[in-house]
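Heads up: the structure comes next, in structure tokens.
Lettering of chains follows the sequences in order, A, B, ..., and the numbering in each one begins at 1.
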Amino acid sequence: MPTYRQIHDRLLGHYGPQDWWPANSPFEVMVGAILTQNTAWTNVEKAIANLRRAKVLSAKAIANLPATDLAELIRPSGYFNIKAKRLQNFCRWYLEQGGLSALKKRDTAELRDALLSVNGVGPETADDMLVYAFERPVFVIDAYTRRLFSRIGLIAGDEGYEILRHQVEQAFARDKSRLERFNELHALIVIHAKAHCRKQPACVGCPLSFDCQVGRDENTA
DNA sequence: ACCCAGGGTCATA
DNA sequence: TATGACCATGGG
């Protein structure tokens, strides 16, 4: 049974560095993190392109936009009514807190709690922001990660989010460059899942030498 | 036609 | 604490 570190190394060797998050600024990372909730990234790209074209890809602009206008711009990303509210909740909070420069000064644990206090920001979204916008060494747990680790046998699969996060983070606790490891591992797992989608009957050419089928929901073993 | 995507919130038991 | 309903577009 491979270790978390071996999984990281094998995926990295096979797919190469992913250079995440695909965004032009920390704020754009945060917008994308909210828009990609349970949504394909290709749809998020369209929504972000709309925001950029409308010149409202900033906290102030989004906070001051009529909710119905914002919803229309982000329509391609799905759940557009609720996500318009979430984006505005977040942007107003972001401005109240003093913006990026003020947030960057906060301790990681405190910043995480603050992010989680925003309605519409859950654990995965907060951790996406912490790693890819604030460069803090936290590991993001998503559905793919649960499937992969449980099918390999490293976890049961029904553990709580925090339990899993700490378990993986502990595996790299003494790693000098664990931020880069957490950054890559999450991105690699997502890319790996996309590479082995529903079109294939098995995890063909799996770099983990294991038919993990991360891109499939069923098949729990 | 069906499945699900780089989740989160809220009501209910 | 633990399910279930709900949110909604777009690609395979």
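Rounding to the nearest 0.5 Å gives a distance of 13.5 Å between CG of A:Asn183 and CZ of A:Arg178. Distance check: A:Leu164 CG to A:Asp158 CG gives 9.0 Å after rounding to the nearest 0.5 Å.
In summary, A:Arg92 and A:Glu96 do not engage in a salt bridge, as defined by a charged side-chain N under 4.0 Å from a carboxylate O.
Ring geometry for A:Phe149 against A:Phe139 counts as parallel: the plane angle stays under 30°, on a 0 to 90° scale with 60° as the upper cut.
Rounded to whole Å, the distance from CD on A:Glu124 to C1' on B:dG8 is 10 Å. At whole-Å resolution of the value, CD1 in A:Ile141 and P in B:dG8 are 12 Å apart. In this structure, the NZ atom of A:Lys194 is 17 Å from the P atom of B:dC4, given to the nearest Å. Regarding A:Ile191, its CD1 atom lies at a distance of 9 Å from the P atom of B:dG6, rounded to whole Å. Computed from coordinates, the A:Tyr161 OH to B:dG6 P distance equals 16 Å when rounded to whole Å.
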* Yes or no on side-chain hydrogen bond (donor to acceptor under 3.5 Å, both in side chains) for A:Tyr161 and A:Glu124, after CA distance, side-chain angles and deciding distance? -> CA-CA 9 Å; A:Tyr161 186 99; A:Glu124 185 176 339; over 6 Å; no
Please list, one pair per line, the donor and acceptor atoms closer than 3.5 Å that link side chains of residues 99-109 of chain A to other protein atoms, with sequence neighbours excluded.
residue: A:Arg106; atom: NH2; partner: A:Gln97; partner atom: OE1; Å: 2.2
residue: A:Asp107; atom: OD2; partner: A:Ala109; partner atom: N; Å: 3.1
residue: A:Thr108; atom: OG1; partner: A:Arg136; partner atom: NH1; Å: 3.0

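Residues forming a salt bridge (charged side-chain N to carboxylate O under 4.0 Å, His left out) with A:Glu184 (at least two apart in sequence, or on another chain): none. Judged as a ring pair (Phe, Tyr, Trp, His ring centres under 6.0 Å), and not counting sequence neighbours, the contacts of A:Phe172 are A:Phe182. Considering only residues two or more places apart in sequence or on other chains, A:Arg5 meets the salt bridge (charged side-chain N to carboxylate O under 4.0 Å, His left out) condition with A:Asp175. Listed by chain and number, the residues in a salt bridge (charged side-chain N to carboxylate O under 4.0 Å, His left out) with A:Glu159 amount to none (sequence neighbours excluded).
Sorted by first and then second residue, the side-chain hydrogen bond (donor to acceptor under 3.5 Å, both in side chains) pairs involving residues 22-32 of chain A (not counting sequence neighbours) are A:Glu28-A:Arg52. Within the structure, ring-ring contact (aromatic ring centres under 6.0 Å, His included) pairs that include any residue of residues 34-69 of chain A comprise A:Trp21-A:Trp41 (at least two apart or interchain).
Looking at heavy-atom distances under 4.0 Å, A:Val121 makes contact with sugar-phosphate atoms alone, never a base. A:Val29 comes within contact range of no nucleotide atom at all, as no heavy-atom separation falls under 4.0 Å. Residue contacts shown for A:Asn119 are limited to sugar-phosphate atoms, with no base heavy atom under 4.0 Å away.
Judged by distance alone, the side chains of A:Thr145 and A:Asp142 do bring a donor and an acceptor atom under 3.5 Å apart. In this structure, a donor-acceptor pair under 3.5 Å is present between the side chains of A:Asn50 and A:Arg53.
Look at A:Arg147 and you'll find a side-chain N or O under 4.0 angstrom from OP1 or OP2 of B:dA5.
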* Which dot-bracket notation, 5' to 3', represents the base pairing of DNA chain B when pairs are defined as Watson-Crick or G-U with both distances under 3.5 Å, crossing pairs as [ ], and inter-strand pairs as |? -> .||||.|||||||
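Looking at heavy atoms from C-beta onward, A:Tyr79 lies in side-chain contact with A:Asn38 at the 4.5 angstrom threshold. A:Pro17 has its side chain out of reach of A:Glu180: every pair of non-hydrogen atoms, C-beta onward, lies at least 4.5 Å apart.
Of the residues in residues 36-52 of chain A, those with a non-hydrogen atom less than 4.0 angstrom from any atom of DNA chain B are A:Thr36, A:Gln37, A:Asn38, A:Thr39, A:Ala40, A:Trp41. Of all the residues in residues 67-90 of chain A, A:Arg75, A:Pro76, A:Gly78, A:Tyr79, A:Phe80, A:Asn81, A:Ile82 reach under 4.0 Å from DNA chain C with at least one non-hydrogen atom. Residues from residues 179-190 of chain A placing a heavy atom under 4.0 Å of any atom in DNA chain B, listed by number, are A:Val190.
Taking atom P on both B:dC3 and C:dA5, the two are 16 Å apart, rounded to the nearest angstrom. Using C1' as the reference atom, C:dA8 and B:dC2 are 16 Å apart when rounded to the nearest Å. Separation of the P atoms belonging to C:dC6 and B:dG6 is 24 Å when rounded to the nearest angstrom.
Centre separation under 5.5 Å together with a plane angle under 30° holds for the ring of A:Trp20 and the six-membered base ring of B:dG6, marking them as stacked.
When each of A:Leu116 and A:Tyr132 is assigned the nucleotide of DNA chain B with its nearest heavy atom, A:Tyr132 is the one assigned upstream, toward the 5' end.
Surrounding CD of A:Gln6 are more than 12 heavy atoms belonging to other residues, nucleotides or ligands, all under 6.0 Å away.
Taking 4.0 Å as the cutoff to heavy atoms of chain A, we find the contact window on DNA chain C bounded by C:dC7 to C:dG12.
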